[in-house]
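To keep things clear, I will list the structure first and then write my remarks on it.
A, B, ... follow the sequence lines: proteins, then strands. Residue 1 opens every chain.
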Amino acid sequence: MSIRHSLLALLQEQPRYGYQLRAEFEQRTGSTWPLNIGQVYTTLDRLERDSLVTRDGDDGEGHVMYRLTDAGDNEVRNWFSHPVALTNPPRNELAIKLALAVTLPGVDVAGVIQAQRVSSMRSLQDYTKAKRDTSAQNRAEDTAWLLVLDSLIFSTEAEIRWLDHCESRMLQLSTARAAGATRSEKHVQPHTTSHSTGGRK
Amino acid sequence: MSQVLQLAGVNRTYGEGATAVAALRNVNLTIEAGEFVAVMGPSGSGKSSLLALAGGLDSPTAGEIFIEGTPLSSLSLNELARLRRRAVGYVFQDFNLVPTLTAAENVSLPRELDGVSARKAQRQAKDALRLVGIEALADRFMDEMSGGQQQRVAIARAIVGDRHLILADEPTGALDSATGDEIMGVLRHRADAGSAVMLVTHEARHAAWADRVVYIRDGRFADEARSSQDPSVLLAQSGL
């Protein structure tokens, strides 16, 4: 998640101070990715160092206001006009766990998949309910939060589909292994190469 | 809440002897009024057998099925047919509507077959169509309606009169994703209004509308996912 670009984008709308930026960010994303105020000010310091924002006096109550510079404005436009690059797959603990589970002896892979599927389904139920409840209120200010919820629903659904795929792939592999073992038993020939996939047809 | 459907120790075996196939093994399931349960599982896991048994279209090899407290094994065939018409509504993937009848006539037909006067049946049909949001389309024929609208007619037919058990078999299979969500919204709404809904689906996003998702595997209930109903859990999960 780019906190840097999110803060710049919020400053493109109007000058704001740190707590306002945090509140705006959380309101627009339904508090899905909570920001601590320390992160906000550290990011503002870096943006100021890079000449993308500048201090703009205070609001009369002692809050330091920040506004975008021309370079900052260009940075935001550039962010919106370029796709998010997924050159490095984000670290996915579940994919790593399953990759290890299938390659290590003694791990109940089917059990790992099913436990995850139930947990993911519970999340999907909760997101769906949150979307239903939020949609029912029909408030314009919930639009951004509903889009975030849709994103969570789609990614959780994709995870469940992937788990289904893993399970059927595991089943195919074990069936193929069992069939291969049966064929090997039927066609034991000492002089055949060991990497043969089975007996001749 | 009252139990609308109960399956107690239900087994269903097809065939005999060496060729016998156990489709369901010792299945226990209760669905209360106002509850929406989704059943998921791979092809051949027993989902359709479960739905047929729950609606009294098939009989268990062992165990008992209760609809609104009545054990189905205690009923004659005629009594069973009457109970089904009075209490159970079905929704199918391909709608199963009569193309030569209007929406209102499709919905009132089962009531008239059950001996209700035509006028009363029509009034109940209008009520049911209103509950699924298409009262204005009552006089349309099926070829004048979209797939989503036809499925709403099918749901209206499933709830017409005083039916409290809705059994839905892949009801969104023929619909696009957004229309499928709308249909889930209608089923959810019926459950919230007091019906018991059992949905068989292979779509996780549709199963997620249910209060409980039951996983069936090789004829057995393997697992269950239940909505947490707790917003703080939701936020904790999504705090990526």
Looking at [X], I want to see if its [atom1] is surrounded by more than 12 non-hydrogen atoms of other residues, nucleotides or ligands under 6.0 Å.
X        : atom1 : answer
A:Glu13  : CD    : yes
A:Asn78  : CG    : yes
B:His189 : NE2   : no
A:Asp59  : CG    : yes
A:Tyr19  : OH    : no
A:Glu141 : CD    : yes

Whether A:Gln114 side chain and B:Asp223 backbone form a donor-acceptor pair below 3.5 Å: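 No.
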CZ-CG distance between A:Arg132 and B:Asp192, expressed to the nearest 0.5 angstrom: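 Going from the CZ atom of A:Arg132 to the CG atom of B:Asp192 covers 6.5 Å.
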side-chain contact (heavy atoms from CB on, under 4.5 Å) between A:Met121 and B:Tyr215, worked out: CA-CA 11 Å; A:Met121 175 53 80; B:Tyr215 290 93; 3.4 Å; yes
By side-chain hydrogen bond (donor to acceptor under 3.5 Å, both in side chains) - contacts of A:Gln137 (at least two apart):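 Checked A:Gln137 against side-chain hydrogen bond (donor to acceptor under 3.5 Å, both in side chains); matches are A:Arg139.
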Set of residues satisfying side-chain hydrogen bond (donor to acceptor under 3.5 Å, both in side chains) with respect to A:Asp150, sequence neighbours excluded: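 A:Asp150: side-chain hydrogen bond (donor to acceptor under 3.5 Å, both in side chains) contacts with A:Lys131.
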Ring pair (Phe, Tyr, Trp, His ring centres under 6.0 Å) partners of A:Tyr17, counting only residues at least two apart: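 If we apply the ring pair (Phe, Tyr, Trp, His ring centres under 6.0 Å) test to A:Tyr17, skipping adjacent residues, the hits are A:His63.
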Stepwise side-chain contact (heavy atoms from CB on, under 4.5 Å) check, B:Glu224 with A:Val118: CA-CA 7 Å; B:Glu224 181 174 300; A:Val118 169; over 6 Å; no
Engaged part of B:Met184 at the chain A interface, taking heavy atoms whose separation is under 4.5 Å: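 Contact with chain A: none, neither part.
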Contact origin within B:Glu203 toward chain A - heavy atom pairs under 4.5 Å: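 Side chain only.
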At their closest point, which heavy atom of [X] faces which heavy atom of [Y], and how far apart are they?
X        : Y        : answer
A:Ile153 : B:Arg205 : CG2-NH1, 4.1 Å
A:Arg117 : B:Arg217 : NH2-NH2, 3.4 Å
B:Ser227 : A:Gln125 : N-OE1, 3.4 Å

Residues in residues 156-168 of chain A near chain B [non-hydrogen atoms, under 4.5 Å]: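 Only A:Glu157, A:Ile160, A:Glu167 of residues 156-168 of chain A have a heavy atom under 4.5 Å from chain B.
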